[in-house]
Engineer: 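Dumping the structure here so I can ask a few things about it.
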There are 2 protein chains.
Amino acid sequence: MKILNRDVDYAVRALVLMARNDRPATPVAGMREEVRVSGPFLRKIMQKLQRSGFVHSVKGKGGGFALARDPGNIRLGELVSALQGGIRLNDCVSGGKLCAFHSACKLRGRLASMEGRLLEELAAITVKDLA
Amino acid sequence: MKILNRDVDYAVRALVLMARNDRPATPVAGMREEVRVSGPFLRKIMQKLQRSGFVHSVKGKGGGFALARDPGNIRLGELVSALQGGIRLNDCVSGGKLCAFHSACKLRGRLASMEGRLLEELAAITVKDLA
DNA sequence: AATGAATGATACCCAAATGGTATCATTCAT
DNA sequence: ATGAATGATACCATTTGGGTATCATTCATT
Ligand code: FES
Ligand code: FES
């Protein structure tokens, strides 16, 4: 039961870094040291963040990445949704492999609300909180 | 972000089944139909449950598995711990790959307490509840 | 004692997800 | 032109999850 995968982990570090020293553009080469990850991998993550609208990018010399949104409004829950996909619950529910008690089952609903609460808690944490 | 894996899923179904028709011993062959899973796989899971003390087993002809504990006291949280292992949080914490802000990081504690709450919620659900 | 129904233990295998690298194209300041 | 930067994408390697196969052991029945 791992809550955050690597992508989210590194993304958080990078975003926090950018939130701290608010520069017009930070290249990957200027972050990979502190984030403790290889350049190419961090770059791939940053590109995902760019596509999801968390950061914007500037190509060419002097370019790099910068926050596209107020760090106080970048919520962990959104990062999780963007970088490690949605909810799957258990296979009985999402995979269509129903068990014999399906109609009377009290489990599905409970799991759904649990996952909901989890995401709420994640949504309560912003990049600013962590900077 | 999947809460329950297959093992737990099938285990719950089997335990609920046993709680319903309280027989002295149910063989795997008598459960695999309703649980909707292959015999060998269910058997492997049942063996795990036996090793963890949730059920006891009787070998030989007429044997099988039976609940070793009151179904009202078999909690989902325990099943998760026994069948899909403990907590890993993110790699910054569990993997020892600390990031640059480790000492000041507010994330680890939050994740830990979130996971704790999740397990509490799971612990509130018993096999009896689901039967 | 022999048989067959059952679990115990363990090794193995396959597929999917995760984590990570490599390559080439594109943009842009100098 | 050059070189520093990202965009896009294909590829690879490791781990995990899900599942099968096999042989050993136990025990009720005959
Ligand atoms: S576990 Fe199958 S319906 Fe709930
Ligand atoms: S994410 Fe590294 S110390 Fe918190």
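Throughout, protein chains are lettered first and strands after them, A, B, ... in sequence-line order, and every chain is numbered starting at 1.
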Engineer: Are OP1 or OP2 of D:dG7 and a side-chain N or O of A:S57 less than 4.0 angstrom apart?
Structural biologist: yes

Engineer: With a 4.0 Å limit, can you tell me whether B:K48 has a side-chain N or O closer than that to the phosphate oxygens OP1/OP2 of C:dT10?
Structural biologist: no

Engineer: Do B:L4 and B:V80 have side chains that approach each other closer than 4.5 Å (heavy atoms only, starting at C-beta)?
Structural biologist: yes

Engineer: Determine the contact category for B:R51: base if any of its heavy atoms lies under 4.0 Å from a base atom, sugar-phosphate if only primed atoms, P, OP1 or OP2 are that close, otherwise nothing.
Structural biologist: sugar-phosphate

Engineer: Apply the side chain to side chain contact (heavy atoms under 4.5 Å, CB included) test between B:I74 and each candidate in B:L130, B:I125, B:L67, B:V12; give the one that qualifies.
Structural biologist: B:L67

Engineer: So which nucleotide from C:dA29, D:dA8, C:dT21 ends up closest to the side chain of A:Q47?
Structural biologist: D:dA8

Engineer: Of the nucleotides C:dT7, C:dA29, D:dG17, which one has an atom closest to the side chain of A:K61?
Structural biologist: C:dA29

Engineer: Please pick, from D:dA4, C:dT7, C:dG19, the nucleotide with the shortest atom-to-atom distance to any side-chain atom of A:F41.
Structural biologist: C:dG19

Engineer: State whether A:K59 places a side-chain N or O below 4.0 Å from either non-bridging phosphate oxygen (OP1 or OP2) of D:dG3.
Structural biologist: no

Engineer: Any strand is fair game: report the nucleotide pairing with D:dC11 by Watson-Crick or G-U wobble, both distances under 3.5 Å, or none.
Structural biologist: C:dG20

Engineer: Answer yes when B:R117 and A:E121 have at least one side-chain N-carboxylate O distance shorter than 4.0 Å, and no when they do not.
Structural biologist: yes

Engineer: Nearest heavy atom decides the nucleotide; on that basis, is A:G60 or A:G39 closer to the 5' end of DNA chain C?
Structural biologist: A:G39

Engineer: If you check every side-chain atom of A:K44, which of D:dG18, D:dT6, C:dT21 has the closest atom?
Structural biologist: C:dT21

Engineer: Looking at A:R6, I'd like to know whether one of its side-chain N or O atoms comes within less than 4.0 Å of OP1 or OP2 on C:dG20.
Structural biologist: yes

Engineer: Using a 4.0 Å heavy-atom cut-off, does A:V37 contact any base of the nucleic acid, only the sugar-phosphate backbone, or nothing at all?
Structural biologist: nothing

Engineer: What is the separation between atom CZ on A:R43 and atom P on C:dA22, rounded to the nearest whole Å?
Structural biologist: 13 Å

Engineer: Would you mind pulling out the nucleotide paired to C:dC28, Watson-Crick or G-U wobble, both distances under 3.5 Å?
Structural biologist: D:dG3

Engineer: Could you check whether A:R69 pairs with A:E78 (Lys NZ or Arg NE/NH1/NH2 to Asp/Glu carboxylate O, under 4.0 Å)?
Structural biologist: yes

Engineer: Would you indicate, yes or no, if D:dG7 has its OP1 or OP2 atom less than 4.0 angstrom from a side-chain nitrogen or oxygen of A:Q50?
Structural biologist: yes

